[in-house]
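Just below is one structure, and these are the notes that go with it.
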Amino acid sequence: MDVITPVEKNQHYENLAKAEVLEAVEPTVQELMDEHLNKRRLWFSSDFLPADEKNDGDDERVLSKLRDRARSVSDSARVALVLGLLTEEGLPHFHRLLSKYLGDESVWRKWNFMWTAEEDRHGIILHDYAREARLFRMREVEMMQYAYQEEGFQPEWDKDPYRVFVYTTLQERATQFSHQGTAKHVGGEEPVLKGILMNVAADEAKHFNFYRKVFKAILEIDPNRALQSARTILPSIEMPGVSMPNFREMADVVRRADIYGPWDYKKIVEEAIDFWNIEVLEGLNDAGRKAQEKIMQLPKRLEKVAKYIETRSDRKAFSFDFIYGRTFAME
Ligand SMILES: [Fe+2]
Ligand SMILES: [Fe+2]
């Protein structure tokens, strides 16, 4: 007689096995964290945007010049900036997820607190910049930020900690690309904003490097389960802001401005597949092989999606309350 194990129970043991693997990679995580700490350079908002009580008047001149230059920032760049700012402000959602999925002990806790402290500077500096430069109808931005926080973020990760590393790898790279793209779009007309965005992007690159290496270590120990987790996340990453009002419109502006879009996502997925050597992994069981196969089909599928979006896209007019409902059209 066949013994039938209830699904919930299987899932429970699967998750226990994964927790053991997370414990097994702790020494590697500690090494990666040390490597990260050696390379990082901490900067703060007031390094770029003076805010001291005591100043010799120069600081005020710096800020007033900045405000003059900021007038030249295009509406599409402003939209990208709001999207970047709000994404960074979603930090409480991610702090919670890391603590929930990776546990609140050992090196994982240390990493989560440190990573959160680093990330927190991103939201702060972009918010400070937006306020100093007078780029928006600020209350609109604040209301969006409030709505985004209040909405929460509950991704379907099925208690699977491996998915966290696939998600964070892709998400860190995607935010790096979009901050960099925004910096390029702003150009040399506002060097302070450009400098801020490039520094934030450099942080994201370091986080990306950490997460992708952690997942590589997991793949080495537990390739079959790791591939199945990767398969669920890689097709598309759900941005927490998706429920935010106007999220899709803002993402459309960012895509049309060549800041970040489906071609970038395809590149990120291909890069992850290469780095994790997914194509050549051997000794897999059936489920692992199946996941590997599906993952290897992704770049083609993502290319199709990107082409479809491109060909379907016509000139379109946009308008957002946070830039006073001004209308601008984009190809
Ligand atoms: Fe960030
Ligand atoms: Fe980051």
Side-chain angles (χ1 to χ4, degrees), residues 29 32-45 47-49 80-99 101-102 107-130 141 144-145 148-149 153 155 163-186 193-216 233 237-242 244 247 250-251 254 259-260 264-265 267-268 271-272 275:
V29 173
L32 290 171
M33 192 169 154
D34 293 342
E35 189 187 302
H36 173 81
L37 287 170
N38 282 334
K39 277 192 204 151
R40 83 163 179 195
R41 197 174 52 84
L42 273 187
W43 44 261
F44 293 94
S45 179
D47 299 336
F48 295 83
L49 304 162
L81 212 56
V82 164
L83 194 55
L85 188 160
L86 291 175
T87 306
E88 296 293 346
E89 300 277 11
L91 184 57
H93 302 324
F94 290 101
H95 179 80
R96 182 186 76 87
L97 287 167
L98 287 195
S99 145
Y101 280 84
L102 308 184
V107 68
W108 295 114
R109 174 168 59 191
K110 257 173 36 189
W111 169 264
N112 192 13
F113 279 135
M114 191 218 68
W115 174 83
T116 302
E118 287 186 15
E119 285 289 345
D120 194 37
R121 291 144 58 247
H122 301 170
I124 289 173
I125 199 167
L126 293 176
H127 206 113
D128 285 352
Y129 183 87
V141 177
M144 288 166 87
Q145 185 185 343
Y148 175 36
Q149 295 286 357
F153 179 46
R163 296 190 204 184
V164 174
F165 299 110
V166 182
Y167 183 92
T168 47
T169 298
L170 304 175
Q171 161 85 319
E172 293 281 6
R173 192 57 144 181
T175 43
Q176 180 201 342
F177 281 9
S178 61
H179 289 311
Q180 262 171 5
T182 310
K184 217 167 110 193
H185 194 62
V186 166
L193 178 55
K194 191 176 176 183
I196 287 172
L197 288 164
M198 290 309 285
N199 274 284
V200 175
D203 277 10
E204 311 299 21
K206 293 191 186 81
H207 295 158
F208 156 73
N209 195 42
F210 171 86
Y211 287 120
R212 70 172 178 164
K213 284 183 174 169
V214 171
F215 190 69
K216 195 175 182 135
I233 299 289
I237 45 168
E238 189 193 332
M239 296 296 282
V242 76
M244 158 202 309
F247 176 83
M250 288 194 283
V254 166
I259 291 172
Y260 178 83
D264 297 293
Y265 187 68
K267 202 169 132 191
I268 290 170
E271 180 190 40
F275 185 77

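Order of appearance sets the numbers: ligands from 1, and atoms from 1 within every ligand. Just so you know, these numbers come straight off a predicted model, no measurement behind them.
Scored by the side-chain contact (heavy atoms from CB on, under 4.5 Å) test, Q149 finds E89, P92, H93 as partners (sequence neighbours excluded).
Excluding waters, the set of protein N, O or S atoms lying under 2.8 Å from the Fe ion (ligand 1) comprises E88 OE1, E88 OE2, E119 OE1, H122 ND1, E204 OE2.
Looking only at side-chain heavy atoms (C-beta outward), Y211 and L170 stay at 4.5 Å or farther from each other. Contact of the F153 side chain with the Y148 side chain is not registered, since no non-hydrogen atoms from C-beta on lie closer than 4.5 Å. No side-chain heavy atom of Y101 sits less than 4.5 Å from a side-chain heavy atom of Y167.
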From CA spacing to verdict: ring-ring contact (aromatic ring centres under 6.0 Å, His included), F210, W115 = CA-CA 11 Å; F210 171 86; W115 174 83; 9.7 Å; no
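The residues E35 and K39 are annotated as salt-bridged, a charged nitrogen and a carboxylate oxygen being separated by less than 4.0 angstrom.
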